[in-house]
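Read the numbers this way: they start at 1 and go in the same order the structure lists the ligands and their atoms. For the single chain, residues carry numbers from 1 onward in sequence order.
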Amino acid sequence: AMRESYSSENDAGFKTIKPTAGDIVVVGGRGKLGALFVKMFRLSGYKVLVLGRDDWHRAEELVGNASLVVVSVPIDRTVETIERLPKLPADCTLADLTSVKQPAMKAMLASHNGPVVGLHPMFGPDIASFAKQVIIFCEGRSSEQYSWVLEQMKLWGSNLVESNGQEHDETMSLVQALRHFTSFAYGMHLQSENADLKRLLAFSSPIYRLELAMVGRLFAQDPELYVEIITAAPENVKMFKRYLSNFGEALELLEQGDSDAFVKRFREVSDWFGHFATQFQAESRDLLLAAHDRVTH
Ligand code: NAD
């Protein structure tokens with residue numbers, strides 16, 4: 001039913017969860033992710049204003065009737081941008097879309113006394129729809145006053161998952177930083193081996209194409225964003241070193257020709273993955289089936 005309402009309402013627009021809302025102001029709304037949210041809020045019947053880099057001289061006017069201000073500027077400008085905001089209406093919700101949550105949460109709570117919510121869309125601006133896309137949200141203050149924002153995003157089809165700044169940032173180390181870093185290293189390796197990507201693709205069945213795509217898509221995007229995500233937490237580099245040491249350990253088993261030890265280690269990891277291993281196998285099969293259906297029907 002969710003999918004149906006999604007695809008049928010996509011062109012005509014979405015139901016407005018809070019018709020009495022004032023303006024929605026997106027700071028950085030001409031950027032990649034900001035523009036996507038500007039579009040979605042407009043499609044949902046809200047009046048949306050953009051506060052861009054050159055609009056600070058009229059910032060007070062822009063936020064004067066705001067019910068929601070969303071900050072979507074480059075990560076390293078986020079805190080200073082939040083601090084620079086003029087006084088917001090008391091009942092206005094202040095939110096951000098930044099990939100690193102603790103500094104933004106702290107700055108938002110300090111600079112605004114009204115409702116605050118941190119958001120992290122776990123996707124980039126290239127998504128075809130919001131259906132099933134994960135958005136992490138971190139409670140700042142007065143959730144009863146910003147719940148309409150979450151409800152609106154649920155109506156777009158997204159999957160809202162609650163966290164707090166600390167858990168979010170720690171989990172992101174493994175969900176994003178490690179993943180992007182290993183994709184980067186993989187890509188670097190393909191380059192230095194001078195791999196023939198065309199032939200690699202030709203030799204790849206769907207599951208291997210998917211893996212190649214996961215790596216290759218990184219290089220279609222902004223290096224700045226990935227540097228920020230990869231280096232977001234100072235502990236990330238230490239964690240990458242532990243990864244490297246596991247890599248080295250596995251390599252040593254191979255170098256020693258110790259396939260028994262390798263198999264033993266493999267089984268230990270399998271046991272640790274437990275039922276998730278078979279779940280992941282089924283999930284990847286279903287994903288590929290769904291992708292195949294989309295291409296052929
Ligand atoms: P972007 O560079 O495309 O957009 C940033 C926008 O902010 C630009 O339009 C820029 O002109 C504007 N800007 C810069 N300084 C400003 C200022 N002082 N005042 C007002 N506007 C200013 O970046 P993006 O990829 O859209 O990322 C924006 C935010 O979204 C970041 O916090 C990032 O962590 C987050 N995010 C991005 C992605 C992604 O895949 N792109 C995914 C999840 C979260």
Practice task
Look up atom 27 (O) of ligand 1 and tell me if a protein heavy atom lies less than 4.0 Å from it?
Solution key: no

Looking at [Y], is its backbone amide N or carbonyl O close enough to the side chain of [X] to form a donor-acceptor pair, meaning the two atoms are under 3.5 Å apart?
X: D96; Y: T98; value: yes
X: Q152; Y: K15; value: yes
X: D169; Y: Q102; value: yes

For [X], take its heavy atoms, then give the atoms of ligand 1 lying under 4.0 Å from any of them.
X: W56; result: 17 (C), 18 (N), 19 (N), 20 (C)
X: L97; result: 30 (O), 35 (C), 36 (N), 44 (C)
X: P125; result: 39 (C), 40 (O), 41 (N)
X: P121; result: 43 (C)
X: R30; result: 9 (O)

Suppose we measure from [atom] to each protein heavy atom; which comes out shortest, and what is that distance?
atom: atom 12 (C) of ligand 1; value: G28 CA, 3.9 Å
atom: atom 36 (N) of ligand 1; value: L33 CD2, 3.4 Å
atom: atom 34 (O) of ligand 1; value: S99 OG, 2.8 Å
atom: atom 25 (O) of ligand 1; value: K32 CE, 3.7 Å
atom: atom 15 (N) of ligand 1; value: R53 CG, 3.7 Å
atom: atom 40 (O) of ligand 1; value: G124 CA, 3.3 Å
atom: atom 31 (C) of ligand 1; value: V73 O, 3.1 Å
atom: atom 4 (O) of ligand 1; value: G31 CA, 3.2 Å

Hey, can you tell me if [X] and [Y] have their rings parallel, tilted or perpendicular (30° and 60° cut-offs)?
X: Y46; Y: W148; answer: tilted
X: W156; Y: F14; answer: tilted
X: F184; Y: F219; answer: tilted

Practice task
Mind listing the closest non-hydrogen atom pair of V215 and G187 along with its distance?
Solution key: CG1-N, 3.9 Å

Practice task
Considering only NZ, NE, NH1 and NH2 on the basic side and carboxylate oxygens on the acidic side, decide whether E80 and R84 come within less than 4.0 Å.
Solution key: no

Handout entry: SB check R265 D258 (cutoff 4.0 Å)
Key = no

Practice task
Give the contacting part of L51 toward ligand 1: side chain, backbone, both or neither, where contact means a heavy-atom distance below 4.0 Å.
Solution key: backbone

Problem - Check: Y208 ring centroid to F203 ring centroid under 6.0 Å - result: no

Handout entry: Among A35, A104, P74, closest by any non-hydrogen atom to atom 14 (C) of ligand 1
Key = P74

